[in-house]
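Notes to accompany the following structure.
Residue numbers start at 1 and run along the sequence shown.
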Amino acid sequence: MNLVHVLEAISSWIWGAPLIILVMGTGLWLTIRLKMLQVFRLPLAIKLIGKAPNEGSGDVSSFAALSTALAATVGTGSIVGVATAIKLGGPGALFWMVVAAFFGMATKYAEGVLAVKYRVKDRNGQFSGGPMYYIEKGLGRRFKPLAMLFAFSGMLVALFGIGTFPQVKAIVSSTENSFGVPPIVTALIIATLTGLVTIGGLKSIAKVSTKVVPFKTGLYVLICMIVLIRFADQIPAALALVLHSAFSTTSATGGFAGATIMLAMRSGVARGIFANEAGLGSAPIAAAAAKTKWPAEQGLISMTGVFIDTMIICVMTGLTLLVSGVWSGPTDAGLMTQQAFSSAFPLGAELLTIILIMFAFTTMLGWNYYGERCVEYLLGVKWIKPYRYLFIALVAGGAFIKLDAIWLLADIFNAMMAFPNLIALLGLSGIVVAETRTYMDSLYPDKKKGILAGASAGAAIDIEEKGQTVSS
C-alpha cells in the first residue's frame, strides 16, 4: 500500500459520518439559537464591510481583517477544490457544499464573536486570538490541551496543508500548462514574493490583501459570468443535475467514475470547509486583530466571508464546470476550470491562470499569519521569525509534491483543527447568543427590535459577572 492509499484511508475515516454530523450539527444548532441570523442580518453584515465604525482596540481595520481572512479563504479551494469535489462526488457535491455553507455562515459568525471577546495582547503588543484562546479562556483552563491541539494542528495546516503545498502546486501547474514556465522558476518567484510580504507581519499582509482581494474576486466573478452567458441554455439542466445528483447515485459517464449520495455529501462538505473554512477556526485568528468594540459586529463581518466565497465564487465555479460539460471528461481536476474557461472564449485559460496565481498567493499570505499566531500561542513570540523562514522554504519546495497527496493531507489537517474548534463553539454558544443580544440592543435601544434584540442585555452582563473574559 503506497502513501496515497494510506492517506485516502485516513481521510475517508476522519471525514466520515461523525465529523460531517459535527460540522453540520454545529451550524444547525447555531442557526437555531441565533434564529437564522445569517438570513435576517445578512444585509447589515454586508453594509458593515465598508462602513464599520472601527472603534475600539485592534491592529487593523475591520475591512482589513476581513480581507486577510478572505485572502486565506478565497484560494485554490474555490477553484481547484470545487473541481475536485465534483470530480469525486459528482454534481451533487455542489449542493452539499452550499448546504454546508448556509449553516457555516452561522458558524463563522460565532467564531468571529468569540475571537474578539477572548483576544489578548502578546509580548510584542499585537492582538492574538482565535480558537486556542476562546477554548482556554471560554471553556476554562482544564481544556487547554484541546486549545493546544488546535494550535498544533493549525501550525501543521499552515506549513503542510492549505498554507503552502496546494497553493504552490496550483500555481506551478497552471503556469507550466498555460505559459510553459518551468516549475523551479515559478516556485522560486512565489517564495521570494511571499517572503517580501510576510516578513513584515500582519500589517504588511493586510495592506496587500485589501488591494488584491477585491480585485481578484471581482475579476473572477466577471469571467465566470462570461462563461455562464456563453452556455446560458445549459444552466437549467445543470441546476437540475445538481439537485438530482444530491439525492441519488450519479452514474458513471465519460471520464467520471460515478458516485453515491454519501460520497457526494462527503466531498461537498469536506471541500466546502476547505474553501470557506467555516468551522475550521482559521478566520477568527484574523478577526481577533480587528479594530472594534463589539464582538458581534466583527462576527457579522466575518460571516460575509462564507457568503462571498461559497455562495458566489464556489457556486459560479461549479456551474461553469457543469454547463461547459468538462466535469464528466477525462481532464484532471486541477485543469478542469481552465478547460471550461478556454471553451467559452479565447485566452480563457490564460486569464484563469493569472487569477489563480493571485488566489493562491494571497491564500499563502493569510495562512502564514494564521500559523504564526498558532506558533506564538504554543512557543512564544521568539519563534515567530524562525516559523516565517520555514514557511517560505516550504513554499519553495511545494511545487514538487504530488497533488493527490497534497489534497489528502490538507483534508486530514483540516479535520484536526475542526474537532476542537467545533466542540468549543457548541460549549460557548450561550456566550455567542448573549453577545448578539447586547449588540442588537445597542443598535435598537428604544424599540428593541431586530433579530435576538428582544432579550435584554442583562443576559450578557450576568455572564460577564460569572468571570468570563471580556473583549478588550
Is it true that [Y] and [X] share a donor-acceptor pair across their side chains at a distance under 3.5 Å?
X: Glu111; Y: Ser302; answer: no
X: Arg33; Y: Ser429; answer: yes
X: Asn276; Y: Thr310; answer: yes
X: Lys121; Y: Ser128; answer: no

Heavy-atom distance under 4.5 Å between the side chains of [X] and [Y], does that happen here?
X: Phe103; Y: Val23; result: no
X: Met364; Y: Thr164; result: no
X: Met311; Y: Val306; result: no
X: Val197; Y: Phe361; result: yes
X: Leu30; Y: Tyr109; result: no
X: Tyr387; Y: Leu379; result: no
X: Leu22; Y: Leu426; result: yes
X: Arg373; Y: Asp122; result: yes

Test ring-ring contact (aromatic ring centres under 6.0 Å, His included) applied to Tyr369 - qualifying residues, sequence neighbours left out: none
Side chain to side chain contact (heavy atoms under 4.5 Å, CB included) assessment of Phe419 paired with Phe150: CA-CA 8 Å; Phe419 271 115; Phe150 173 87; over 6 Å; no
Stepwise side chain to side chain donor-acceptor pair (under 3.5 Å) test for Glu297 and Thr292: CA-CA 7 Å; Glu297 180 181 83; Thr292 182; 2.9 Å; yes
Give me the atom names and distance for the closest heavy-atom approach of [X] to [Y].
X: Val113; Y: Pro295; answer: O-CB, 3.3 Å
X: Ile135; Y: Ala424; answer: CG1-CB, 3.5 Å
X: Leu88; Y: Arg271; answer: CD1-NH2, 4.0 Å
X: Ile205; Y: Leu365; answer: CD1-O, 3.4 Å
X: Gly27; Y: Thr107; answer: CA-OG1, 3.4 Å
X: Ala64; Y: Val60; answer: CB-CB, 3.8 Å

Between Trp383 and Tyr377, ring centroids under 6.0 Å: no
Check: Phe247 ring centre within less than 6.0 Å of Phe95 ring centre: yes
Is the backbone N or O of [Y] less than 3.5 Å from a side-chain atom of [X], with the two atoms forming a donor-acceptor pair by type?
X: Lys216; Y: Val74; result: yes
X: Ser11; Y: Leu7; result: no
X: Arg388; Y: Ile199; result: yes
X: Thr362; Y: Phe359; result: yes
X: Arg119; Y: Ala288; result: yes
X: Thr320; Y: Thr317; result: yes

Output the distance between atom [atom1] ([X]) and atom [atom2] ([Y]), rounded to the nearest 0.5 Å.
X: Met440; Y: Thr436; atom1: CE; atom2: OG1; answer: 6.5 Å
X: Leu300; Y: Trp294; atom1: CG; atom2: CH2; answer: 12.5 Å
X: Asp309; Y: Ser78; atom1: CG; atom2: OG; answer: 3.5 Å
X: Leu356; Y: Ile79; atom1: CG; atom2: CD1; answer: 5.0 Å
X: Leu37; Y: Ile32; atom1: CG; atom2: CD1; answer: 14.0 Å
X: Gln298; Y: Lys293; atom1: CD; atom2: NZ; answer: 14.5 Å

Test log, rule side chain to side chain contact (heavy atoms under 4.5 Å, CB included), inputs Glu136 and Leu146: CA-CA 8 Å; Glu136 180 182 349; Leu146 201 63; over 6 Å; no
Parallel, tilted or perpendicular: rings of Trp367 and Tyr370 (30°, 60°): perpendicular
Evaluation steps, side chain to side chain contact (heavy atoms under 4.5 Å, CB included), between Ile423 and Phe143: CA-CA 11 Å; Ile423 290 169; Phe143 288 91; 5.7 Å; no
Side chain to side chain contact (heavy atoms under 4.5 Å, CB included) between Leu352 and Thr337, worked out: CA-CA 8 Å; Leu352 179 62; Thr337 313; 3.6 Å; yes
